[in-house]
Protein chains: 2
Amino acid sequence: MDVDTIRRSLEAGGLRCTPQRYAVMAFLMEHSGHPTAAEIFAAVNRVDPRSSRGTTYNNLRDLVQAGLVREVAVEGRAARFDAKGMRHHHFICDRCGNVEDMEWYDLPRPAARSLGKRVFRECELIFRGLCAKCARRQAFR
Amino acid sequence: MDVDTIRRSLEAGGLRCTPQRYAVMAFLMEHSGHPTAAEIFAAVNRVDPRSSRGTTYNNLRDLVQAGLVREVAVEGRAARFDAKGMRHHHFICDRCGNVEDMEWYDLPRPAARSLGKRVFRECELIFRGLCAKCARRQAFR
DNA sequence: TTCCACATTAGATATTATCTAAAATACATG
DNA sequence: CATGTATTTTAGATAATATCTAATGTGGAA
Ligand SMILES: [Mn+2]
Ligand SMILES: [Mn+2]
Ligand SMILES: [Zn+2]
Ligand SMILES: [Zn+2]
């Protein structure tokens, strides 16, 4: 991933380009999985520069607020993160909690009537079931 | 809510009807909000019988596994729960994390092609934005 | 080069959830 | 009804996840 692309997306989000923040953003853009904060912390520290756990959490919070990163809450597990690249939905495994990307398709906006005085921002569609790995395990018992 | 209805739904889920478990289920059926485990614990202990925090978590886990209760993970906040009554979607407030019910409508099943070897169970649609209360606060600044 | 708002740090702390092992009990069975 | 047993409850410890604090460092505008 191009250094300037990342640098510019941070600036576009009103965020300074620090080595630690850059490392978090770069890692998310280069890995299409859905790592947890702990995994991101470990990964960016495997290379330079040294970043603290607190900073990793701070930067993830900032990147989410800036709209560059999405946070996916999974019941009973650590939150997962992905860079907002191409639009997509998610599949979450009932058994192992893995989050996988699913092809995007448009969703009907909620009816104004059912929205009431709420201010709508976005829809998120989550598919649930068993991931391929867990489905295979299930079949073998 | 009828005592026997609750008792029977517990039995249908393969769960013994204990006073503590009954109290959790009854509370969820009688309150259409989306309480956290801590709120449920406090509420069922305000009346009899005394239930421990651990038991509240155990029972919520069991009720979710039995398909009687739904758990809603909210980023950065405690999980919330609701009894699975009428089908509905959810609106989650960006600002205060409140979970509100939204009218149900059917969703297209994911295409077999994009599902791959995964085993589909259900779709969940989440609307995001500002709840009525937070939208009002936002307007006043 | 200087300056300062913003960012980072280590460690403490808070919040949420699970585990443990001993005691209690729901309920099937006779 | 009485009994037996698998399930459930309990208090407290522990684990997992996330945030706070206040001292220190720095990106980048000017
Ligand atoms: Mn994704
Ligand atoms: Mn609901
Ligand atoms: Zn899985
Ligand atoms: Zn709100």
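Per chain, numbering begins at 1; letters A, B, ... match sequence-line order.
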Please give, in whole Å, the distance from [N] [atom2] to [X] [atom1]?
{"X": "B:Gln20", "N": "D:dT9", "atom1": "CD", "atom2": "C1'", "answer": "6 Å"}
{"X": "A:Ile40", "N": "D:dA18", "atom1": "CD1", "atom2": "P", "answer": "11 Å"}
{"X": "B:Asp62", "N": "C:dT18", "atom1": "CG", "atom2": "C1'", "answer": "13 Å"}
{"X": "B:Arg21", "N": "D:dA6", "atom1": "CZ", "atom2": "C1'", "answer": "12 Å"}
{"X": "B:Leu60", "N": "C:dT18", "atom1": "CG", "atom2": "C1'", "answer": "13 Å"}
{"X": "B:Phe41", "N": "C:dT16", "atom1": "CZ", "atom2": "P", "answer": "14 Å"}
{"X": "A:Tyr22", "N": "C:dC6", "atom1": "OH", "atom2": "C1'", "answer": "21 Å"}

Q. Side chains of A:Asp101 and A:His34: is there a donor and an acceptor less than 3.5 Å apart?
A.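 Looking only at side-chain atoms, A:His34 and A:Asp101 do form a donor-acceptor pair, the distance falling under 3.5 Å.
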Q: Any pair with a residue in residues 14-29 of chain A that passes side-chain hydrogen bond (donor to acceptor under 3.5 Å, both in side chains), sequence neighbours left out, goes on the list, sorted by first then second residue, please.
A: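 Residue pairs with at least one partner in residues 14-29 of chain A: A:Arg21-A:Asn59, A:Arg21-A:Asp62.
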Within a strict 4.5 Å, meaning less than it, do heavy atoms of the [X] and [Y] side chains meet?
{"X": "A:Leu60", "Y": "A:Glu71", "result": "no"}
{"X": "B:Arg77", "Y": "B:Thr36", "result": "no"}
{"X": "A:Arg121", "Y": "B:Leu130", "result": "no"}
{"X": "A:Val72", "Y": "A:Ile92", "result": "yes"}

Q. Starting at the 5' end of DNA chain C and moving along, which residue's nearest nucleotide shows up first, B:Ala38 or B:Arg61?
A.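 Nearest-nucleotide comparison on DNA chain C picks B:Ala38.
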Q.
Taking any heavy-atom pair under 4.0 Å as a contact, classify B:Asn59: base, sugar-phosphate, or nothing.
A.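 If one applies the 4.0 Å heavy-atom cut-off, B:Asn59 turns out to touch the sugar-phosphate alone, with no base involved.
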(Q) A:His88 and side chain to side chain contact (heavy atoms under 4.5 Å, CB included): which single residue from A:Met102, A:Arg70, A:Glu103 fits? (A)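 Only match with A:His88 under side chain to side chain contact (heavy atoms under 4.5 Å, CB included): A:Arg70.
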Is the phosphate of [N] approached by [X] (side-chain N or O, under 4.0 Å from OP1 or OP2)?
{"X": "A:Arg53", "N": "D:dA18", "answer": "no"}
{"X": "B:Ser51", "N": "D:dT9", "answer": "no"}
{"X": "A:Tyr57", "N": "D:dT19", "answer": "no"}

I'd like a list of close polar pairs between nucleotides 25-30 of chain D and the protein, N/O only, cut-off under 3.5 Å.
unit_1, atom_1, unit_2, atom_2, d
D:dG27, N2, A:Arg16, NH2, 3.4
D:dG28, OP1, A:Cys17, N, 3.0

Q | Angle by which the axis turns from one end of the helix from C:dT1-D:dA30 to C:dG30-D:dC1 to the other, five pairs per end, to 10 degrees | A |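 End-to-end axis angle: 50°.
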Q. Closer to the 5' end of DNA chain D via nearest nucleotide, is it B:Arg50 or A:Asn58?
A.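 First, find each residue's nearest nucleotide; the 5'-ward one identifies B:Arg50.
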Q.
Looking at every heavy atom in both B:Trp104 and B:His89, which two are closest together, and how far apart are they?
A.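 Smallest interatomic distance, heavy atoms only, reads CZ3-CE1, 3.3 Å.
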Q | Smallest separation among heavy atoms of B:Ser51 and B:Phe41, with atom names | A |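 Smallest heavy-atom distance, with atoms named: O-CE1, 2.9 Å.
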Q) Hey, can you pull the residues of residues 67-81 of chain A with a non-hydrogen atom under 4.0 angstrom from DNA chain C? A)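 Residues of residues 67-81 of chain A under 4.0 Å from DNA chain C: none.
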Q.
Within this structure, what is the NZ-NZ distance for the pair A:Lys117 and B:Lys133, rounded to the nearest 0.5 Å?
A.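 Rounded to the nearest 0.5 Å, the NZ-NZ separation comes to 15.0 Å.
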Q: Go through the steps to decide whether A:Arg128 and A:Glu75 satisfy the test salt bridge (Lys or Arg N to Asp or Glu O under 4.0 Å), and finish with yes or no.
A: CA-CA 12 Å; A:Arg128 296 182 182 275; A:Glu75 326 73 60; 3.2 Å; yes
(Q) If you count every heavy atom of other residues, nucleotides or ligands that lies below 6.0 Å from B:Arg113 atom CZ, does the total exceed 12? (A)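 At most 12 heavy atoms, drawn from other residues, nucleotides or ligands, come within 6.0 Å of this atom.
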Polar-atom pairs under 3.5 Å, protein N or O versus N or O of nucleotides 28-30 of chain C: list them with distances, or write none.
none

**Q.** Partners passing ring pair (Phe, Tyr, Trp, His ring centres under 6.0 Å) against B:Tyr57 (at least two apart in sequence or in another chain)
**A.**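 Residues passing ring pair (Phe, Tyr, Trp, His ring centres under 6.0 Å) with B:Tyr57: none at all.
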Q: Report yes or no: does B:Arg53 contribute a side-chain atom to a donor-acceptor pair with the main-chain N or O of B:Ala38 at less than 3.5 Å?
A: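 Not confirmed, B:Arg53 side chain does not pair with B:Ala38 backbone.
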